[in-house]
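Throughout, residue positions are numbered sequentially from 1 according to the sequence presented.
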Amino acid sequence: MTDPTQDPHFLHDPYPAYAAMRSACPVRAVPAGSGGRTSYLITGYAEARAALADARLSKDTAAFFAGKGSSRRLHPAVAHTMLAGDPPRHTRLRRLVTATFTTGAVGKLRPFIARTTDDLLDQWPSGEECDLVAGLAVPLPVMVICELLGVPQADRPDVRRWSAELFAAGAPDVIDAASHAMADYMTDLIAAQRRTPGDSLLDRLIAARDGNDRLSEEELVSLAVLLLVAGHETTTNFLGNAVLALLQHPAELTRLRENPEAIPGALDELLRFDSPVSTATFRFTKEAVTLGGTDIPAGVPVLVALGAANRDPARFPAPDSLDLNRDASAHLGFGHGIHRCVGAPLAKAEAEIALRALLTRFPALRLAVPHNHLTWRHTRLVRGLKALPVLT
């Protein structure tokens with residue numbers, strides 16, 4: 001199958017292609033990779049939800065690729081994260097971070113998120129053009145997760161660059177190099193925080209490791225890298241996609257501007273409408289599975305197109321319409337099952353606070369360029385804008 005991320009038309013609007021695939025067959029075999037290995041692509045909502053919760057679909061990438069031979073040289077801490085594992089290892093690792101991202105725990109971060117948002121928006125020119133991605137959507141989540149993990153201010157631009165490079169579709173050398181840079185950096189940061197402990201999330205993970213809480217040194221580095229990357233990449237795209245959707249639907253934008261209290265309830269529909277994670281992370285069948293009437297043999301990759309599933313008219317009527325009155329809480333933007341995004345409460349808090357400040361402070365906010373002039377990131381996993389020029 002041709003890589004759709006190399007097609008500007010698909011990047012601009014993948015949903016017609018998804019709809020065509022879903023209506024023809026919600027679970028289909030597709031040739032993929034240089035070796036022509038068959039994968040299965042899921043575009044239907046019911047089938048995607050079932051796949052995400054099916055224990056017969058493994059996320060243990062190390063087991064899948066063992067003995068297959070590969071020229072890739074991803075750092076093990078990036079290749080074997082909590083996301084790339086099954087229970088009981090996944091259960092043990094996830095338990096160590098879950099408490100940090102509860103709604104109550106995130107509530108304590110809200111003042112910092114609000115201050116950071118205001119500081120960023122203070123730098124926006126009044127009545128002029130600026131880039132919402134560079135001026136808010138990228139720096140806010142980076143600053144929040146770096147604050148949570150205790151990453152020094154001076155190191156944050158490097159962290160941001162390596163993280164972006166980890167999602168560079170079609171550039172395996174760039175991805176591999178970034179994985180080593182990020183893992184090496186995190187190894188050094190852990191050593192530094194051991195010497196001078198603080199009270200960050202990373203300090204708590206170090207204490208769990210050093211307290212013999214069944215956390216190996218490689219797992220510690222891996223967990224820290226995963227939290228750092230996953231903690232801001234998807235939120236960046238969530239913010240950009242949500243603001244673009246609102247700017248393209250003036251009636252819905254006006255409704256939120258006139259009633260900011262409705263913003264929290266609108267977040268699920270914004271996540272459904274243009275999901276920041278377009279394809280779920282790697283899975284493969286441990287045994288033969290039947291999904292959506294399609295028989296999938298054992299030992300093959302399964303790609304779950306979350307963006308396609310969230311536009312399935314069988315689950316969400318008129319799915320191509322943004323309707324902020326819709327109950328979209330069943331969307332799959334955060335995944336589903338045991339791997340559902342642990343940072344969902346933090347992502348929602350950041351989006352709510354940022355949107356409220358943005359709509360309050362810039363009541364005339366509008367696109368600075370025609371929609372078809374916007375450029376999208378070339379990446380399979382996440383869907384996000386390279387830039388979002390707006391007029392304040």
State the CZ-CZ distance between Arg22 and Arg28, to the nearest 0.5 angstrom.
11.5 Å
Polar side chain donor-acceptor pair, Asp119 to Thr116, under 3.5 angstrom
no
Go through it in stages, so that I can follow the logic: the residues are Asp176 and Ser179, the test is side-chain hydrogen bond (donor to acceptor under 3.5 Å, both in side chains), and I'd like the CA-CA distance, side-chain angles, deciding distance and then a yes or no.
CA-CA 5 Å; Asp176 291 347; Ser179 76; 5.1 Å; no
Would Lys348 and Asp268 pass as an ion pair if we require N to O under 4.0 Å?
yes
State whether the side chain of Ser275 and the backbone N or O of Gly333 hold a donor-acceptor pair below 3.5 Å, judged by distance alone.
no
Partner of His232 by side-chain contact (heavy atoms from CB on, under 4.5 Å), out of Asn237, Val142, Leu227, Leu346:
Val142
Polar side-chain atom of Arg272 near backbone of Phe316 as donor-acceptor pair, under 3.5 Å
no
Is it true that the side chains of Asp155 and Tyr185 contain a donor and an acceptor less than 3.5 Å apart?
yes
Between Leu93 and Met82, the two heavy atoms sitting closest are C-SD, 3.7 Å
Hey, do the aromatic rings of Phe10 and Tyr18 have their centres closer than 6.0 Å?
yes
I'd like to know if the side chain of Asn310 pairs up with that of His331 as donor and acceptor (distance under 3.5 Å, no hydrogens or angles considered).
no
Less than 4.0 Å between a side-chain N and a carboxylate O, is that true for Arg110 and Glu352?
yes
Between Glu261 and Arg356, does any NZ, NE, NH1 or NH2 come within less than 4.0 Å of an OD or OE carboxylate oxygen?
yes
How long is the span from the CG atom in Asp118 to the CZ atom in Arg115, to the nearest 0.5 Å?
10.0 Å
Charged N to carboxylate O below 4.0 Å: is that the case for Glu269 and Arg255?
no
Check whether NZ of the Lys or CZ of the Arg Arg56 lies under 6.0 Å from the centre of the six-membered ring of Phe284 and within 45 degrees of that ring's axis.
no
